[in-house]
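In what follows, a structure is listed as structure tokens, so that the remarks can point back to it.
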2 protein chains.
Amino acid sequence: MKSIKDNKIEVEMNRGFLQIMVLLALETPMYGYMMLRFIEEIGYSVEENTLYPMLRRLKKNGWVSSKWDVEHDRPKKYYEITKKGKTIRSKLLSIWQTQNGVIKKLLKEVENG
Amino acid sequence: MKSIKDNKIEVEMNRGFLQIMVLLALETPMYGYMMLRFIEEIGYSVEENTLYPMLRRLKKNGWVSSKWDVEHDRPKKYYEITKKGKTIRSKLLSIWQTQNGVIKKLLKEVENG
DNA sequence: TTGACATACTGTGTGATATACAGTATTATT
DNA sequence: AATAATACTGTATATCACACAGTATGTCAA
């Protein structure tokens with residue numbers, strides 16, 4: 001019986017979190033490769049194969065906008081959060097807070113037997 | 001162009017969180033329907049159609065065990081976290097903490113311009 | 001005493017997602 | 001001249017949240 005590999009456990013966590021992280025980061029315009037390095041700087045890491053499709057999806061949803069910079073070096077696609085994106089981001093953050101509260105409460109119960 | 005509905009935003013958050021919540025809750029043995037009500041009591045909510053498949057999946061992964069109670073009323077399938085489940089739970093909680101730290105840091109930057 | 005509703009599940013299907021894989025092209029670096 | 005790093009695109013795949021359909025028992029009002 002096939003089941004998920006325990007060493008790939010981070011994957012299980014990424015769905016909700018990655019979006020919040022990216023939408024917060026895009027307060028400042030950034031292109032994909034730049035964000036990969038930015039995320040490492042702040043102590044996390046994302047797969048290139050995860051970030052690029054996610055940026056495309058956020059764009060499709062209208063949560064971020066994009067703009068090519070062709071004036072310096074090779075072309076870079078700068079993304080930035082939209083007004084709609086900020087609305088969504090607030091909702092996601094609020095859900096995150098609720099979930100964080102639930103986890104804290106349950107964790108306390110487990111720790112105190 | 002099809003895109004996700006904004007009012008279904010909670011879905012985006014559930015992947016990682018639901019597992020932690022269920023694995024914490026299952027410190028005490030519970031059957032599915034009981035957990036649905038328990039989760040509402042502590043201020044959250046899960047779809048029946050999400051919880052049951054999740055319990056089956058956690059079982060398949062060996063993170064929880066199950067046992068039928070056929071002695072009272074109608075049959076109830078009690079689940080409980082396993083040793084392996086506790087190991088996974090620790091890892092998930094640790095990832096959650098890291099992610100929470102990343103969000104807090106980014107949020108502070110956004111708020112302070 | 002029946003029929004509606006809550007309880008307590010199972011099995012299979014679907015659409016969206018994280019990631020894989022393959023590929024294009026430019027700019028350092030050695 | 002070759003290699004690595006940069007900076008992307010497009011399509012494929014496995015898994016997940018949730019939908020849908022179904023089974024069966026217990027409760028309680030009309």
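So you know, we letter chains A, B, ... as the sequences are listed, proteins then strands, and number each from 1. Scope of the values below: all heavy atoms of this structure, side chains included, with no hydrogens, waters or symmetry mates.
- Residues forming a side chain to side chain contact (heavy atoms under 4.5 Å, CB included) with Ile42(B) (at least two apart in sequence, or on another chain): Val102(A), Lys105(A), Leu106(A), Phe38(B).
- With sequence neighbours left out, the salt bridge (charged side-chain N to carboxylate O under 4.0 Å, His left out) criterion links Glu47(B) to no other residue.
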Are any protein N/O atoms closer than 3.5 Å to N/O atoms in nucleotides 19-22 of chain C? If there are, list each pair with its distance.
{"unit_1": "dT19(C)", "atom_1": "OP1", "unit_2": "Asn14(A)", "atom_2": "ND2", "d": "3.1"}
{"unit_1": "dT19(C)", "atom_1": "OP2", "unit_2": "Thr50(A)", "atom_2": "OG1", "d": "2.4"}
{"unit_1": "dT19(C)", "atom_1": "O5'", "unit_2": "Thr50(A)", "atom_2": "OG1", "d": "3.1"}
{"unit_1": "dA20(C)", "atom_1": "OP2", "unit_2": "Glu47(A)", "atom_2": "OE1", "d": "3.0"}
{"unit_1": "dC21(C)", "atom_1": "N4", "unit_2": "Asn49(A)", "atom_2": "OD1", "d": "2.8"}

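- Here Trp68(B) sits in one hydrophobic cluster together with Val70(B); the rule is ILVMFWY side chains under 4.5 Å apart, joined directly or through other members.
- DNA chain C is contacted by no residue of residues 21-40 of chain A, taking any non-hydrogen atom closer than 4.0 Å.
- Between Met13(B) atom CE and dC18(D) atom P the separation is 12 Å, expressed in whole Å.
- Of the residues in residues 67-82 of chain B, those lying under 4.0 Å from DNA chain C by heavy-atom distance are Trp68(B), Arg74(B), Pro75(B), Lys76(B), Lys77(B).
- In plain terms, the two heavy atoms of Val46(B) and Leu36(B) that are nearest each other are O-CD2, 3.7 Å.
- Among residues two or more places apart in sequence or in another chain, the side chain to side chain contact (heavy atoms under 4.5 Å, CB included) test is passed with Thr98(B) by Tyr44(A).
- The heavy-atom pair separating Leu58(B) from Val22(B) by the smallest distance is CD1-CG1, 3.5 Å.
- In this structure, the CZ atom of Phe17(B) is 17 Å from the C1' atom of dC18(D), given to the nearest Å.
- A straight line from CD of Glu48(A) to P of dT9(D) spans 11 Å, rounded to a whole angstrom.
- In this structure, Tyr52(B) places its OH atom 21 Å from P of dG13(C), rounding to the nearest Å.
- Contacts classified as salt bridge (charged side-chain N to carboxylate O under 4.0 Å, His left out) and involving residues 16-39 of chain B (residues at least two apart or in different chains) are given here: Glu27(B)-Lys86(B), Glu27(B)-Arg89(B).
- Listed by chain and residue number, Ser45(B) satisfy the side chain to side chain contact (heavy atoms under 4.5 Å, CB included) test with Glu40(B) (two or more places apart in sequence, or in another chain).
- Remark: Asn100(B) engages Trp96(A) in a side chain to side chain donor-acceptor pair (under 3.5 Å) (not counting sequence neighbours).
- Residue pairs that meet the side-chain hydrogen bond (donor to acceptor under 3.5 Å, both in side chains) test with at least one member in residues 72-83 of chain A, sequence neighbours left out, are Asp69(A)-His72(A).
- Residue Arg57(B) places at least one side-chain N or O closer than 4.0 Å to OP1 or OP2 of dC16(D).
- Rounded to whole Å, atom P of dT15(D) lies 14 Å from atom CD1 of Ile9(A).
- A donor and an acceptor atom never sit less than 3.5 Å apart when one is taken from the side chain of Gln19(B) and the other from the base of dC16(D).
- In this view, Ser66(A) and Lys59(A) satisfy the side chain to side chain donor-acceptor pair (under 3.5 Å) rule, not counting sequence neighbours.
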